[in-house]
Colleague: 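This is the structure I want to talk about, given as structure tokens.
A note on names: the letters A, B, ... follow the listed sequences, proteins ahead of strands, and every chain is numbered from 1.
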Amino acid sequence: MSAGLMAEFQEAEALLRALRAARAAGWRRMDAYAPYPLPEAAELLDAHGGPVAWIAIGAGLCGAALSYGTQYWLSVHDYPINVGGRPLHAWPAFLPATTIVAILWAAAAALLGMLALNRLPRLHHPVFAVPGFGRASEDRFFLFLSSRDPRFRPEATARFLHGLSPLRVSEVPEK
Amino acid sequence: MSATADKPTLPPEASYAGMIGRVADPVLERRPGRRWWIGFGATLLLTLGFAVCLAWLFIEGVGIWGINTPVVWGFAIANFVWWLGIGHAGTLISALLLITRQNWRASINRFAEAMTLFAATIAGLFPIMHLGRPYRFYWLVPYPNTMEVWPQWRSALVWDFAAISTYIIFSILFWYWGLIPDLATMRDRARGRIARYAYGAFSLGWRGSARHWQRHDALYRAMAGLAVPLVVSVHSVVGMDFAASLMPGWQETIFPPYFVVGAMFSGFAMVVTLAVLVRRGLGLQAVITERHFDGMGKIVLAGSVAMGISYLTEWFTTWYGGDRIEYEHLAYLFTGDYAPLYYVMLFCNVLVPQILWLGRMRRNIAVAFVVSIVINIGMWLERILIIWNTLSHTHLPSMRHVFYPTFWDWATLGCSIGLFAFLFFCFVRLVPSVAMHDLNKRLHQEKEARG
């Protein structure tokens, strides 16, 4: 039992053509691999960057609240220092650190959230066993059709992929 | 600038694999040449020299420098502002050019970000070195302690601590995130076992799925959006370290933007310097082209004009404000003890870059190199003169005195440049100096545009 089939293409356009064909044929459990971002491919795969922005905004607001709250509590309640009668709750003076800490939280959370959404780090993955897959990070483009898609029939799917004029079609092992 | 964005910047015959080979081969295939070893050895010596400077400083104290009342800030603070300014450009350039869709950035953003990382780290050392008791720098962190003392949140110096530490962490994240797909490329190309394992581990198992790319791009854009306000706020806070005081020549509202512009200007100059060296050293003539120098030259020129306007504004408001001590400060700039250096600074920062109005000069790489070095010197002079001119000419005339740098002042500055160069020599041998996936994306766009 294999995890699916992988077709290798020479050009980005060939991959996009194949992806469109697979989508039109009703494929949903599939993936595309490219050495650089192809926004059109992501669209065909229904992939969105969406949640990242929300993670960043949420974490940024948390960081801001924590930073401002710390400054307020320390300066007004725990350790008030009277400097020439200036207000203890000096909100303009609290804003620089608040902004900066918010940015730090947003960036760090977005990065961690992104890794979690991408299920990375994962050093080993079955697709690496596909012959020639190393060039997915250079100049080759790959289309993967998963055996978990209800449409998957080993011979018929292989025929379908061969019909898209790939360089070659290989099996992706289960593990 | 928009014209540069649309014009092709890469040679028409370029191929994807060829581009990657050009960038990756110097790291993976070619042995470091004799020039690299000489540079590496020399900068390693300077790095050891930096360690000696630090050791002697920690043994003997800040008295080894030329600082004394009233000039209590000296080289350490000027070096800090200068290095941090250089450190600002990498992230700012990379983020700003990404947001404004200047896709030619692909050839320069990687080493500009590395420059940021190294320069900001070195910058972060100087305020600690400058403390009389450097081993207590962590008192700036708000941590519960037995003394029951907390930092003073209304002080710009405390904001500065938050700003610099955040900036360094942020720069590392931004740089590393952009690097992950390229580390995967290196993993797939590497032949040695150690290289494969090392690049494999650091690439976190990146496999180039279109879904991952989509999120990678979304995050990268989000980080770029966060980077711009962060960079502006960090150097504004550095400006406020000065402006929040009551010293003539420092307490000016123009200081935060003036510092940010200066940072971008000096940082871009350093990017040009490094671009020339990286291009030559790694043979990246096809990747970093004359058009890139053309684009960078325009930004440097804009920075120079902005600096000139800042100086004019400073002089005008001082004159127009009519405050006597401020007025004396202005006269001291032009006729005082440091006047010759002030003229040199104006020559370097305002006059010399005007040559870049000529397109022929912008595309001439030798000219770009010389101008960028001159600007780096000019910007360092600006940082030190901001300190000297104000502190040497204080409110109390009997206290006024001129700063004379000692051997250790110069040694610390020189060796910090050596440390920076050393880190860069390591960088070019370990990771690809150009963002290969961005480069290929750019190539894809140019090929599509050509049809």
Colleague: From B:K441 NZ over to A:L38 CG, what is the distance, rounded to the nearest 0.5 angstrom?
Modeller: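 Reported to 0.5 Å precision, the distance equals 9.5 Å.
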Colleague: Rounded at 0.5 Å granularity, tell me how far CZ in A:R119 sits from CG in B:L204.
Modeller: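 If we round to the nearest 0.5 Å, A:R119:CZ and B:L204:CG are 15.5 Å apart.
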Colleague: I would like to know whether A:F128 and B:R187 meet side-chain contact (heavy atoms from CB on, under 4.5 Å); could you show each step before the answer?
Modeller: CA-CA 12 Å; A:F128 289 125; B:R187 168 198 68 199; 3.5 Å; yes
Colleague: Given side-chain contact (heavy atoms from CB on, under 4.5 Å), test B:Q152 with A:V83 step by step and report yes or no.
Modeller: CA-CA 11 Å; B:Q152 168 55 277; A:V83 185; 4.0 Å; yes
Colleague: Let me know if B:V158 has heavy atoms under 4.5 Å from chain A in its side chain, its backbone, both or neither.
Modeller: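 For B:V158, neither part sits under 4.5 Å from chain A.
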Colleague: Apply side-chain contact (heavy atoms from CB on, under 4.5 Å) to B:R207 and A:L120, showing your working.
Modeller: CA-CA 10 Å; B:R207 46 188 193 272; A:L120 291 175; 4.1 Å; yes
Colleague: To the closest 0.5 Å, what do you measure between CG (B:L219) and CG (A:L115)?
Modeller: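 Between atom CG of B:L219 and atom CG of A:L115 there are 8.5 Å.
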Colleague: Within this structure, what is the CZ-CG distance for the pair B:F202 and A:L123, rounded to the nearest 0.5 Å?
Modeller: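 Rounded to the nearest 0.5 Å, the CZ-CG separation comes out at 11.0 Å.
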Colleague: Kindly give the heavy-atom pair with the smallest separation between A:I100 and B:A163, and that separation in Å.
Modeller: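 Nearest pair, atom of A:I100 first, then B:A163: CD1-CB, 3.6 Å.
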Colleague: Is it true that a side-chain atom of B:W159 and a backbone atom of A:A93 form a donor plus acceptor pair closer than 3.5 Å?
Modeller: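 Checking the backbone N and O of A:A93 against the side chain of B:W159, a donor-acceptor pair under 3.5 Å is found.
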Colleague: So for A:E43, is it side chain, backbone, both, or neither that comes closer than 4.5 Å to the heavy atoms of chain B?
Modeller: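 Contact with chain B involves no heavy atom of A:E43 at all.
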Colleague: What are the two closest non-hydrogen atoms of B:W153 and A:A97, and how far apart are they?
Modeller: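 Closest heavy-atom pair between B:W153 and A:A97: CZ3-CB, 4.3 Å.
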Colleague: Give me the atom names and distance for the closest heavy-atom approach of A:L74 to B:P142.
Modeller: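 Taking every non-hydrogen atom into account, CD1-CB, 4.4 Å.
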Colleague: Who wins among B:R189, B:R221, B:M436, B:M240 for the most heavy-atom pairs under 4.5 Å with chain A?
Modeller: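 Top option by heavy-atom pairs under 4.5 Å: B:R189.
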Colleague: Could you give the distance from CZ (B:R215) to CG (A:N118), rounded to the nearest 0.5 Å?
Modeller: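 B:R215 CZ to A:N118 CG: 5.0 Å, rounded to 0.5 Å.
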Colleague: Pick from A:A34, A:A56, A:A106: which one has the most heavy-atom pairs with chain B under 4.5 Å?
Modeller: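 Greatest number of close heavy-atom pairs with chain B: A:A34.
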Colleague: Any idea which of A:V101, A:T70, A:D78 has the most non-hydrogen atom pairs under 4.5 angstrom with chain B?
Modeller: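 Most heavy-atom pairs within the cutoff with chain B belong to A:D78.
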Colleague: For a quick test of reading the model, state the closest non-hydrogen atom pair linking A:A107 to B:M223 and the distance between them.
Modeller: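 Looking at all heavy atoms of both residues, the shortest contact is CB-SD, 3.8 Å.
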Colleague: If you count heavy-atom pairs under 4.5 Å with chain B, which of A:P39, A:A42, A:G113 comes out on top?
Modeller: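 Option with the greatest count: A:A42.
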Colleague: May I ask you to name which of B:H444, B:H212, B:H437, B:M186 has the most heavy-atom pairs under 4.5 Å with chain A?
Modeller: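 Maximum pair count with chain A is reached by B:H212.
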Colleague: Using non-hydrogen atoms and a 4.5 Å limit, figure out which bit of B:I169 sits close to chain A: side chain, backbone, both or neither.
Modeller: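 Only the side chain of B:I169 comes within 4.5 Å of chain A.
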Colleague: Over all heavy atoms of both residues, which pair between A:S137 and B:T185 is shortest? Give the atoms and the distance, please.
Modeller: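 The answer is O-OG1, 3.0 Å.
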Colleague: Count the heavy-atom pairs under 4.5 Å between each of B:F170, B:W177, B:W206 and chain A, then report the option with the highest count.
Modeller: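 When all of B:F170, B:W177, B:W206 are compared, B:W177 has the most.
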Colleague: With a 4.5 angstrom heavy-atom cut-off, which part of A:L15 approaches chain B: side chain, backbone, both or neither?
Modeller: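 Contact with chain B is absent: no heavy atom of A:L15 under 4.5 Å.
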Colleague: Which heavy atom in A:P96 sits nearest to a heavy atom in B:V237, and how many Å separate them?
Modeller: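 Smallest interatomic distance, heavy atoms only, reads CB-CG2, 4.4 Å.
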Colleague: If the plane angle is over 60° it's perpendicular, under 30° parallel, otherwise tilted; pick one for B:W150 and A:W73.
Modeller: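 Correct class here is perpendicular.
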Colleague: What distance separates A:L111 CG from B:I172 CD1, expressed to the nearest 0.5 Å?
Modeller: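 Result: 12.0 Å between the selected atoms.
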Colleague: Just by modelled atom types, is the A:P87 backbone N or O under 3.5 Å from a matching donor or acceptor in the B:R154 side chain?
Modeller: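 Answer holds: yes.
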Colleague: As a quick check of understanding, evaluate salt bridge (charged side-chain N to carboxylate O under 4.0 Å, His left out) for B:D188 and A:R135, giving each step before the final call.
Modeller: CA-CA 7 Å; B:D188 296 336; A:R135 287 180 74 173; over 6 Å; no
